[in-house]
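I have placed the structure first, in the form of structure tokens, so that the comments after it can refer back to it.
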Amino acid sequence: MPKKTIWVTGLCVLLVMLTLAAFAPSVVGQLRNVVFDSYQRVFPREPDPNVPVHVVDIDEASIRLLGQWPWPRSYLATLTDRLFALGAVAVGFDVLLTEPDRTSPGAILQSWQRFSRQDITLPAALLAQDHDNSLAEAFLSRPVVIAVSGAVDGDVPQPKAGISFTGARPDSAITSFPGALSPLPELTQAAAGIGAISLSAGDDGVSRTVPMVVRMGDTLMPSFTAELLRLAQGAGSHILRTTQASGEMSGGAVRVVEMRTGGATYPLDGNGHFRLHVAPTGPRGMTPAHSLLGPDLPAAPHPEIANRIILVGSSAQGLFDLRSTALGEKVPGVMLQAGVLEQIITQSFLTRPDWMPGLELVTIALVGLLITFLCTWESPMAAFAGTVVISAAGILAGWLAFDRAGILYDPSMMILTAIAILLPGSTLGLIGKERLRQSIRSRFAYFVPDALVTQIAADPDDALTPRGAAREITVMFIDMRRFSTVTERMTPEEIVHFLNRYLGTVSDALTAEGATIDKYIGDAVMAFWNAPINQPDHRARSLRAIFRVEQSIAAANDMLAADGLPLIGIGIGVNTGPAYVGLMGSRDRLSYTCVGDNVTQAARFEGLTRIYGTNNCVGAPSIHDLPEDIRAVELDRVVVKGKTEPVALHCVYHAHDQAFSSAAAVFCKARSAYLAQEWDHALSVLDQLSGMAVDGLDTLLLAQLYRDRITALRNSPLPKSWDGTFVSTAKR
């Protein structure tokens with residue numbers, strides 16, 4: 001499978017993932033929420049008991065003791081008086097006070113008279129008491145915040161504090177409601193602050209943010225907590241900073257960046273929402289409302305009330321103000337409002353800067369390109385390891401950013417992109433590698449041992465060097481002697497059968513020693529070692545192969561003798577040295593081969609076996625570090641055709657071959673006398689050599705070669721530089 005296919009597939013997958021991440025459909029948003037919720041579970045906010053924020057809870061016990069909700073407004077008036085008497089800095093009622101109190105004496109009298117046939121009256125002094133007015137009087141001149149909620153209709157009250165902007169007004173970005181559920185006019189007039197208590201929730205019902213400013217109709221309304229924060233500081237208004245004023249990018253739309261209330265500045269998301277960092281409920285205490293509404297006023301200063309911002313809300317299930325949090329808990333809505341105040345006071349925020357989506361897109365693109373690149377590598381583990389490392393790094397980066405800086409970074413799409421590219425990319429890579437392995441096996445199965453084929457298939461680029469490579473190799477040429485004599489009485493079918501058997505036995509001998517069979521040239525064979533697979537012992541392998549080939553020829557001769565046919569001979573040339581190896585040929589037809597001077601010399605050495613009467617002629621580099629069971633005898637120093645420098649030519653034999661060892665010793669004496677120009681002594685020793693019978697060495701031919709040389713040399717003057725070098729004029 002070409003790498004181009006992997007790149008095209010990877011880039012297509014990357015484009016899809018970038019599109020998903022950029023346009024953020026609901027499924028991506030839900031995934032992002034899961035990631036951010038997991039951060040909160042790992043690193044929840046630690047509540048600080050010293051933060052001056054406290055909740056007075058209208059809990060189940062308070063309702064059981066003081067009666068069902070809604071309580072008479074006189075209770076709330078008394079609660080307000082007592083909270084300020086105990087040292088509260090500001091008080092906010094996280095309950096809606098939108099309808100008149102039905103427990104006021106006048107309201108009770110009206111309900112009695114509505115269906116009664118009797119004339120029912122109450123004393124004028126009693127009728128003059130109105131619980132809503134009592135609560136309004138308790139609010140007067142005190143830092144009290146009452147709640148307003150967004151609705152589909154209803155008049156919107158006038159805010160108690162203005163909201164100014166640095167930058168354009170971001171109406172389109174802010175959470176909007178057509179109308180409002182407003183508190184009673186007398187309460188609105190008496191309260192020092194009025195704020196929206198609408199809590200946002202995702203599609204899964206989890207509250208992760210709190211709107212700090214909302215639009216009701218045409219009116220911008222600060223949140224309940226923003227108003228409490230303003231009154232606690234004695235501030236007069238709120239300031240919103242937008243992207244237009246900050247210079248941040250927001251795709252052309254005006255988005256909210258942060259809000260300032262008095263001396264406190266806190267970041268908001270583009271819609272004007274404050275992101276919650278939730279603290280576990282745990283043992284955190286809330287003061288039950290009934291403990292403050294007993295017959296006696298608690299002692300002042302109250303340790304949980306004095307110098308604190310007090311939020312009055314309910315945890316009673318029947319009042320339906322329980323919210324799901326990122327920690328998987330159900331908590332009263334008033335606790336989320338208190339958590340906002342605590343985060344602002346401690347300046348502990350969770351932020352997702354405007355540049356974060358852009359950064360995530362960049363990381364997705366880079367990771368996609370990297371994984372695609374790794375999929376093109378030969379090792380499938382590279383892409384897998386890259387995906388694992390990237391996933392771990394993304395998760396760690398998200399955790400560290402959250403824990404150390406309160407920054408929300410989402411690595412989920414980056415990780416999914418890596419996986420989405422890894423799966424098809426690695427699959428295509430494996431398919432391509434398998435096809436290549438099959439191609440390699442089919443190409444090399446008949447020329448290279450199975451073990452080498454497996455190694456080549458494991459790393460074909462390194463082994464086959466498709467662009468070629470210089471490497472030291474040992475090359476062998478093998479040629480059959482007397483082929484024409486043997487086959488002249490055979491039919492064509494018999495010749496083919498005989499040749500196949502001969503080449504088969506020779507090939508088996510070569511592959512047994514790890515040779516790569518380059519080609520068959522009629523009845524000749526070319527092979528080499530140390531390519532495509534590195535073989536540190538390639539010299540020794542080639543020498544052992546000589547004896548394996550000789551044994552195979554001996555077996556072939558036994559069969560020929562049994563059939564009454566002439567016997568065949570063998571000529572083997574071996575040389576070691578640098579050569580250029582790789583896939584060579586035309587565009588349509590390639591073969592794995594080697595070229596170079598040392599290859600040519602090996603072919604020349606094979607031809608010289610005819611002259612010296614030996615089965616093998618081996619170059620000096622090939623006998624470097626001879627195995628213990630092999631010996632070599634130097635035959636001559638020769639300049640082969642086409643060369644100018646002499647090379648030493650050897651013949652190798654088994655150390656245990658006593659006949660060959662004896663003949664080699666005699667020849668060495670004759671050659672020493674020859675080089676010393678002791679012609680008579682050399683001829684005497686050569687006569688001794690002629691009388692010796694040795695398998696694999698024609699002693700008569702070798703002795704006669706040197707006799708002829710001596711005859712020619714002794715009758716002509718020799719130069720002082722003469723060293724016995726023979727210049728060959730034959731190619732083969």
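Checking Leu187, Leu76, Val334, Ile310 one by one against Phe93, the side-chain contact (heavy atoms from CB on, under 4.5 Å) holds for a single residue, Leu76. When each of Leu86, Asp57, Leu292, Val312 is checked for a side-chain contact (heavy atoms from CB on, under 4.5 Å) with Thr287, only Leu292 meets the rule.
Aromatic rings from His277 and Phe402 are positioned such that their centres are separated by under 6.0 Å.
In the displayed structure, Gln347 atom CD is contacted under 6.0 Å by more than 12 heavy atoms of other residues, nucleotides or ligands. The environment of Arg102 atom CZ is sparse: at most 12 non-hydrogen atoms of other residues, nucleotides or ligands sit within 6.0 angstrom. Residue Gln189 qualifies as open at atom CD: its count of foreign heavy atoms under 6.0 Å is 12 or below.
The backbone N or O of Gly272 lies less than 3.5 Å from a partner atom in the side chain of Asp269, making a donor-acceptor pair. Using a distance-only test at 3.5 Å, with no hydrogens or angles considered, no donor-acceptor pair links the side chain of Glu258 to the main chain of Thr265.
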CA sep, side-chain torsions, deciding dist, call: Thr209, Arg275, side-chain hydrogen bond (donor to acceptor under 3.5 Å, both in side chains): CA-CA 4 Å; Thr209 61; Arg275 193 173 290 270; over 6 Å; no

Val55 and Met335: CA distance, side-chain angles, deciding distance, side chain to side chain contact (heavy atoms under 4.5 Å, CB included) verdict: CA-CA 7 Å; Val55 173; Met335 291 295 294; 4.0 Å; yes

Derivation and outcome, side chain to side chain contact (heavy atoms under 4.5 Å, CB included), residues Tyr75 and Asp101: CA-CA 11 Å; Tyr75 287 17; Asp101 188 351; over 6 Å; no

Trace of the side chain to side chain contact (heavy atoms under 4.5 Å, CB included) decision for Val340 with Met212: CA-CA 10 Å; Val340 173; Met212 296 303 286; 4.0 Å; yes

Full working for side chain to side chain contact (heavy atoms under 4.5 Å, CB included) between Leu66 and Trp71: CA-CA 8 Å; Leu66 299 176; Trp71 288 341; 3.7 Å; yes

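Listed by first then second residue, pairs satisfying ring pair (Phe, Tyr, Trp, His ring centres under 6.0 Å) with a partner in residues 172-227 number zero, not counting sequence neighbours. Residue pairs that meet the side chain to side chain donor-acceptor pair (under 3.5 Å) test with at least one member in residues 224-235, sequence neighbours left out, are Ser223-Thr225, Glu227-Arg230, Glu227-His238.
Between Leu366 and Met414 the shortest side-chain heavy-atom distance does not fall below 4.5 Å. Using a 4.5 Å heavy-atom threshold, the side chains of Leu229 and Tyr266 count as touching. Side chains of Arg208 and Gln40 form no contact here, defined as non-hydrogen atoms less than 4.5 Å apart. You'll find the side chain of Thr363 reaches within 4.5 Å of the side chain of Tyr409, heavy atoms only. Taking 4.5 Å as the limit, every side-chain heavy atom of Gln343 sits out of range of all side-chain heavy atoms of Ile345. The side-chain heavy atoms of Leu135 and Thr80, taken from C-beta on, include a pair separated by under 4.5 Å.
Applying the salt bridge (charged side-chain N to carboxylate O under 4.0 Å, His left out) criterion to Arg73, with sequence neighbours excluded, gives Asp132. In this structure, His273 has no ring pair (Phe, Tyr, Trp, His ring centres under 6.0 Å) partners at least two apart in sequence or on a different chain. Taking the salt bridge (charged side-chain N to carboxylate O under 4.0 Å, His left out) definition, one finds that Asp59 meets it with nothing, sequence neighbours left out.
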Under 3.5 Å donor-acceptor pairs involving side-chain atoms of residues 136-159, not counting sequence neighbours:
from: Arg142; atom 1: NH1; to: Asp81; atom 2: OD1; distance (Å): 2.5
from: Arg142; atom 1: NH1; to: Ala138; atom 2: O; distance (Å): 3.2

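A salt bridge between Arg32 and Glu360 is present, with a side-chain N of the basic residue lying under 4.0 Å from a carboxylate O of the acidic one.
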